[in-house]
Amino acid sequence: MTDLMISYSRRDGEFVRKLHAALTELGRDVWVDWEDIPMSVAWWDAITDAIEGTRAFVFVISPHSISSPICNLEIDRARQLGKRLIPILYHEAKLDVALDDVKRRTLSDDMKAVLQDRAIDDLVRSNWNAIARHNWISFGAGSPNTFDENVKLLLDAIDTDPEYVKEHTRLLVRASDWEQRGRTGNLLLLGSEIADAEDWLAHAHGKDPSPSALHVDFVAASRAAHNARQRRRVTLLTSGFVVSILLTIVALFSAYFAFIQRNAAVSSAATATVAQGEALLQANLAATNESNAIQNAATA
């Protein structure tokens, strides 16, 4: 995570190097793309990663930067992500001149791919209107402040509400990773992270930068996934409880039937014993009668 990223035209490189040196000397982590290379998909991915991971997006206003397609794509991406946008004026620029200039440019296929179906002049106009709504820090020749005083003003703008901006950037980095990987569930917030993020969103009203749509989607998806897990857990617990009750009932019925069967067996055994006793008694009586008959016959 960097303190700031500077978006600028290469033609204003001398001023940007001076600004970069002053900020670095004051202990700030500054991201600047010094490479003057044609735009490519891989290069644009690196730029967007830098925008996502910075606390503040500083745009150096000049006639060259205002009409630069790359600078306008960078501003547009920073706006999409809800970054803190801090314009600094280096040279006066006019929108109509920038629009005429950008219309004459030939765009590369990679640049057209990033633009998608948008017209570059519409993007320039939209960015200009967004920049115009911010307070500019004038580093130009007519500035009432010295260069060092302006650097301090820039740092004051960057350091406003630092904890809020730090959380904005941290959540954005995670949300962007989630987005780039197809919004997979294993990259969502968990446990207390969700409540903390929801609290951050609840207190973000009127703050600069405001949360992006991606912030909102990421936190909402995290809460939805958490609730779904909770419902599954309750379902599993409920199912387990029901199964436990059913098993207990089956066990009780089994015990009852076993008890009935044991009683029946005991009763049958007792009946057999009685019958056996009666048979033995009858046999004894028959033997006695036979003996008596023999004795009577002998006496006669």
Side-chain angles (χ1 to χ4, degrees), residues 2 4-13 15-16 31-137 140 157 168-169 172-173 175-176 179-180 208-217:
T2 60
L4 69 149
M5 171 184 173
I6 301 177
S7 175
Y8 71 105
S9 166
R10 297 294 184 274
R11 297 186 185 184
D12 304 321
F15 166 73
V16 174
W31 196 98
V32 180
D33 177 27
W34 300 115
E35 300 294 329
D36 189 9
I37 59 176
M39 182 176 181
S40 66
V41 173
W43 176 82
W44 178 245
D45 287 343
I47 294 294
T48 55
D49 287 345
I51 297 172
E52 289 167 3
T54 194
R55 291 170 54 199
F57 181 87
V58 177
F59 178 63
V60 179
I61 301 173
S62 76
H64 306 304
S65 63
I66 286 296
S67 61
S68 166
I70 291 177
C71 286
N72 276 281
L73 286 173
E74 291 174 347
I75 298 169
D76 179 63
R77 184 57 179 162
R79 291 173 58 202
Q80 288 176 7
L81 298 175
K83 284 295 171 179
R84 173 168 286 173
L85 176 59
I86 305 175
I88 62 176
L89 179 62
Y90 179 47
H91 286 310
E92 292 288 344
K94 294 183 178 180
L95 176 59
D96 56 348
V97 176
L99 289 172
D100 289 339
D101 186 9
V102 78
K103 287 177 182 178
R104 292 193 297 268
R105 296 182 181 238
T106 301
L107 304 180
S108 68
D109 290 339
D110 286 327
M111 192 169 294
K112 290 177 182 178
V114 175
L115 275 169
Q116 298 177 340
D117 296 329
R118 298 172 297 176
I120 185 64
D121 54 326
D122 289 341
L123 186 62
V124 171
R125 187 179 292 103
S126 176
N127 285 336
W128 178 264
N129 291 334
I131 291 170
R133 291 194 292 268
H134 290 74
N135 292 324
W136 300 358
I137 301 173
H168 184 286
T169 304
L172 180 61
V173 169
S176 297
E179 174 81 5
Q180 291 167 9
D208 178 35
S210 59
S212 66
L214 184 57
H215 279 101
V216 176
D217 288 349

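The figures here come from the full heavy-atom set of this structure, side chains too, leaving out hydrogens, waters and symmetry mates. For the single chain, residues carry numbers from 1 onward in sequence order.
Partners of Phe15 according to the ring pair (Phe, Tyr, Trp, His ring centres under 6.0 Å) rule, which considers only residues two or more places apart in sequence or in another chain, are Tyr90, Phe139. With sequence neighbours excluded, the residues forming a salt bridge (Lys or Arg N to Asp or Glu O under 4.0 Å) with Asp217 are Arg183, listed by chain and number. Take Ala46 and apply the side-chain contact (heavy atoms from CB on, under 4.5 Å) test, not counting sequence neighbours, and it matches no residue. Under the salt bridge (Lys or Arg N to Asp or Glu O under 4.0 Å) criterion, Asp110 pairs with no residue, sequence neighbours left out. Applying the side chain to side chain donor-acceptor pair (under 3.5 Å) criterion to Trp136, with sequence neighbours excluded, gives no partner residue. Not counting sequence neighbours, the partners of Asp76 by the side chain to side chain donor-acceptor pair (under 3.5 Å) test are Gln80, Arg118. For Thr48, there are no side chain to side chain donor-acceptor pair (under 3.5 Å) partners, not counting sequence neighbours. Residues passing the side-chain contact (heavy atoms from CB on, under 4.5 Å) test with Thr2 are Asp29, Trp31, Thr54, sequence neighbours excluded. Listed by chain and number, the residues in a salt bridge (Lys or Arg N to Asp or Glu O under 4.0 Å) with Arg125 are Asp122 (sequence neighbours excluded). With sequence neighbours left out, the side chain to side chain donor-acceptor pair (under 3.5 Å) criterion links Arg55 to Asp3. In this view, Glu92 satisfies the salt bridge (Lys or Arg N to Asp or Glu O under 4.0 Å) rule with no residue, not counting sequence neighbours.
Contact of the Ile70 side chain with the Met111 side chain is registered, since non-hydrogen atoms from C-beta on lie closer than 4.5 Å. Leu172 is listed as a side-chain neighbour of Ser212, based on a closest heavy-atom distance under 4.5 Å. The closest side-chain heavy-atom distance from Asp12 to Ser9 is below 4.5 Å. Inter-residue side-chain proximity for Ile86 and Leu4 is flagged as unmet; no heavy-atom pair is nearer than 4.5 Å. No side-chain heavy atom of Ser62 sits less than 4.5 Å from a side-chain heavy atom of Arg11.
Nearest heavy-atom pair across Glu52 and Gln180 is OE2-NE2, 3.6 Å. Considering all non-hydrogen atoms of both residues, Pro87 and Ile61 come closest at CB-CD1, 3.7 Å. Scanning all heavy atoms of the two residues, the minimum distance from Gly53 to Thr169 falls at C-CG2, 3.7 Å. For Ser65 against Cys71, the heavy-atom pair with the smallest separation is O-CB, 3.5 Å. Nearest approach of Ser67 to Asn72, heavy atoms of both residues: C-ND2, 4.3 Å. When all heavy atoms are compared, the tightest approach of Ala175 to Leu214 is CB-CG, 3.8 Å.
Inspection of the Ser126 and Arg79 side chains reveals an N or O donor paired with an N or O acceptor under 3.5 Å.
Taking CG from Leu89 and CD1 from Ile137, the interatomic distance works out to 11.0 Å, rounded to the nearest 0.5 Å. Atom NZ of Lys83 is separated from atom OG of Ser210 by 11.5 Å, given to the nearest 0.5 angstrom. Atom CG of residue Asn127 and atom CD of residue Glu74 lie 10.5 Å apart, to the nearest 0.5 angstrom. Taking CD1 of Ile131 as the start and CD1 of Ile75 as the end, the distance is 4.0 Å to the nearest 0.5 Å. The distance from the CZ atom of Arg133 to the CH2 atom of Trp128 is 13.0 Å, given to the nearest 0.5 Å.
Panel note: side chain Arg77, backbone Ile47; no donor-acceptor pair is recorded below 3.5 Å. Of the possible donor and acceptor atoms, one in the side chain of His168 sits under 3.5 Å from a partner among the backbone N and O of Gly82.
Counting only residues at least two apart or on different chains, no ring pair (Phe, Tyr, Trp, His ring centres under 6.0 Å) pair has a member in residues 47-68.
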Could you go step by step and tell me if Arg10 and Asp33 meet the salt bridge (charged side-chain N to carboxylate O under 4.0 Å, His left out) rule? CA-CA 9 Å; Arg10 297 294 184 274; Asp33 177 27; 2.9 Å; yes

Full working for side chain to side chain contact (heavy atoms under 4.5 Å, CB included) between Val58 and Met5: CA-CA 6 Å; Val58 177; Met5 171 184 173; over 6 Å; no

List the steps and the verdict of side chain to side chain contact (heavy atoms under 4.5 Å, CB included) for Ile66 and Val97. CA-CA 9 Å; Ile66 286 296; Val97 176; over 6 Å; no

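More than 12 heavy atoms of other shown residues, nucleotides or ligands fall within 6.0 angstrom of atom CG in Asn129.
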